[in-house]
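Predicted model only: the values in this text are computed from it and were never measured.
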Amino acid sequence: MNEEKFWQLMEKVDREALEDGDADAAVEPLTEALARLPVKDIKGFDSVDDETGSNAAAWPG
């Protein structure tokens, strides 16, 4: 996965839910999008996350 695709996926995070403190609801759209991808793309997402230092698990951070 390239960085552009990574950020396109990250844009799926529901910022309003995140601002409301509902992290589960915030990442649900991202989780659903990742679940539709092949395993190699999910691993690629994780790799780009590591490379960019964005720490998707704690985004925005």
Solution key, residues 26-39 side-chain donor-acceptor pairs under 3.5 Å, sequence neighbours excluded:
{"from": "Thr31", "atom 1": "OG1", "to": "Val27", "atom 2": "O", "distance (Å)": "3.0"}
{"from": "Arg36", "atom 1": "NH1", "to": "Glu32", "atom 2": "O", "distance (Å)": "3.4"}

[atom1]/[X] to [atom2]/[Y] distance, rounded to the nearest 0.5 angstrom?
| X | Y | atom1 | atom2 | value |
| --- | --- | --- | --- | --- |
| Asp41 | Ser47 | CG | OG | 11.0 Å |
| Glu11 | Phe6 | CD | CZ | 10.5 Å |
| Asp49 | Glu3 | CG | CD | 10.5 Å |

* Structure fact -> Looking only at heavy atoms, the pair that brings Phe45 and Met10 closest together is CZ-SD, 3.7 Å

* Taking all atoms of both residues into account, what is the closest heavy-atom pair of Met1 and Leu9, and its distance? -> CE-CD1, 3.6 Å

* To do: State which residues pass side chain to side chain contact (heavy atoms under 4.5 Å, CB included) with Glu4; sequence neighbours excluded, sorted by chain then number.
  =>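 With sequence neighbours excluded, Glu4 shows a side chain to side chain contact (heavy atoms under 4.5 Å, CB included) to Asn2, Gln8, given in chain and number order.
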
* Asked: What residues, two or more places apart in sequence or in another chain, satisfy side chain to side chain contact (heavy atoms under 4.5 Å, CB included) together with Asp24?
  ->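 Here the qualifying residues are Asp22.
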
